[in-house]
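Take a look at the structure set out below.
Labels below follow one simple rule: chain letters A, B, ... track the order of the sequence lines, proteins then strands, and each chain is numbered from 1. No hydrogens, no waters, no symmetry mates; every other heavy atom, side chains included, goes into these values.
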There are 2 protein chains.
Amino acid sequence: MLPNPDEKLDPRVKRTRGLILASFESLLAEKNFKNISVQDVTDKAQINRATFYAHFQDKYVLLETFISKMFMQDIEKRTLNVCSYSSDNLRNLILAVCEFLGRLHTSCAQPHQQFESLVESTIKKQVFDLLSYWLRKSKVPTDIPATVAAWAIYGLASHYSHMKKRPILDKFVDEAFPLVAVNLEQFA
Amino acid sequence: MLPNPDEKLDPRVKRTRGLILASFESLLAEKNFKNISVQDVTDKAQINRATFYAHFQDKYVLLETFISKMFMQDIEKRTLNVCSYSSDNLRNLILAVCEFLGRLHTSCAQPHQQFESLVESTIKKQVFDLLSYWLRKSKVPTDIPATVAAWAIYGLASHYSHMKKRPILDKFVDEAFPLVAVNLEQFA
DNA sequence: TTGCTTATTCAACAGATGTTGTTAATTTAC
DNA sequence: GTAAATTAACAACATCTGTTGAATAAGCAA
């Protein structure tokens, strides 16, 4: 989760992946995920189609990677110290998920069932990993509270981002926070 | 949700769809969803591939339909009276989701990310629809508690079905039930 | 620089996808 | 009971997919 493995990469690889991701991002703003072909991505990125497959298994894996990176930015903007559980960190995590979904819904021309499903499970996994990381020092098994909390956090955020009349984000999180915290604080 | 629209259907349509669904079911037992092509489905169903597209947009929609139908069977086996909320109905709903996931995991040769994602959102939508239906008489807006409850129910069931050492199902549901019920009883 | 390693390109392939225009069968209405 | 309207079934098409093998180019270490 935490260590960023990007640094010591062949500059050609960095360049190519960057081009692919950027191309994909701009295509998502134009059209449905379903209607984006690998061809489209490589055309806009100005690389060969075979090169794409050297870096990503298929367009679904590309989406996962893209979503993960995008979400990571939101996380890192919010949580200064990601190393261990704190009530502040949790609060910021919830905020980050809400913000991420908001950002996603403005910057993508969807919605599409498959797309939403993949985003959902990608984020839930990231949140789960982060929570597990926070709870790793605990002596009891932590997968149950981490699972429950990951579901709760995403569910709350997703609900927030679909509300017609959204309350102030901070106010919303004030209400949501204790529902999640109670599951975690006994382990952290 | 409740009314079953199958009855007054062209017998040709019923036959064709039945063949497709049956073929798909047996293919899921053999291999990964990702590796099942529309060709495979229509070959086994002994219909033309184009006919498939007259009935389903693509194989993802087929999966949704299949999952919905399968889940509906579990629902109807359990809940004798689906018309309105009762504590018994809710308990049976939770049981039905747990049983469904169990059945799915034994009868399908997976797991695969995409597959799980689509199952998840399909079931969550069905549960949400049923809960909304139960709460429809309420005067206050019910989408919030229905959303939260749908997430909670699926999260609990999914967690149960992934536990290495599963407790007795009824015992598990006894614990899970109040967590969900508290959200609903104030509206029902 | 020289050579070694590895990334990218290109052409070509078999197979899968989704669409379209036509034919044949089934319903419906008279 | 027959004619007209509907629609399932089909064949053929252009496109997309994922992979392979060989040629080229970019990075890197000595």
Is the shortest side-chain N/O distance from [X] to OP1 or OP2 of [N] below 4.0 Å?
{"X": "B:Y53", "N": "C:dG18", "answer": "yes"}
{"X": "A:H55", "N": "C:dA7", "answer": "no"}
{"X": "B:S37", "N": "C:dG15", "answer": "no"}
{"X": "B:T51", "N": "D:dA8", "answer": "no"}
{"X": "B:N48", "N": "D:dA11", "answer": "yes"}

Using atom [atom1] of [X] as one end and atom [atom2] of [N] as the other, report the distance to the nearest whole Å.
{"X": "A:K14", "N": "D:dG27", "atom1": "NZ", "atom2": "C1'", "result": "13 Å"}
{"X": "A:K59", "N": "C:dT17", "atom1": "NZ", "atom2": "C1'", "result": "12 Å"}
{"X": "A:I47", "N": "D:dA25", "atom1": "CD1", "atom2": "C1'", "result": "16 Å"}
{"X": "B:F56", "N": "D:dA9", "atom1": "CZ", "atom2": "P", "result": "12 Å"}
{"X": "A:D43", "N": "C:dT9", "atom1": "CG", "atom2": "P", "result": "12 Å"}
{"X": "B:D40", "N": "C:dG15", "atom1": "CG", "atom2": "P", "result": "13 Å"}
{"X": "B:Q39", "N": "C:dT17", "atom1": "CD", "atom2": "P", "result": "7 Å"}
{"X": "A:L19", "N": "C:dT9", "atom1": "CG", "atom2": "C1'", "result": "15 Å"}

Write down the atom of B:R103, the atom of B:Q73, and the distance for their closest heavy-atom approach.
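Shortest heavy-atom contact: NH2-OE1, 3.8 Å.
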Measuring from the side chain of [X] (C-beta onward, heavy atoms only), which nucleotide among [options] has the closest atom?
{"X": "A:R49", "options": "C:dG18, C:dA12, C:dT6", "answer": "C:dA12"}
{"X": "B:A50", "options": "C:dT20, C:dT6, D:dA9", "answer": "C:dT20"}
{"X": "A:V13", "options": "C:dT17, D:dA9, C:dA7", "answer": "C:dA7"}

Between A:Y154 and A:F100 (judged by ring centroids, cut-off 6.0 Å), do the two rings come close enough to count as a pair?
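No, they do not, as the ring centres are separated by 6.0 Å or more.
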Considering only NZ, NE, NH1 and NH2 on the basic side and carboxylate oxygens on the acidic side, decide whether A:E120 and B:K124 come within less than 4.0 Å.
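Yes, A:E120 and B:K124 are salt-bridged.
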Euclidean distance, A:L130 CG relative to A:Y85 OH, rounded to 0.5 Å:
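A:Y85 OH to A:L130 CG: 12.0 Å, rounded to 0.5 Å.
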Tell me every residue that passes salt bridge (Lys or Arg N to Asp or Glu O under 4.0 Å) with A:K171, counting only those two or more places apart in sequence or in another chain.
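Listed in chain order: nothing, the list is empty.
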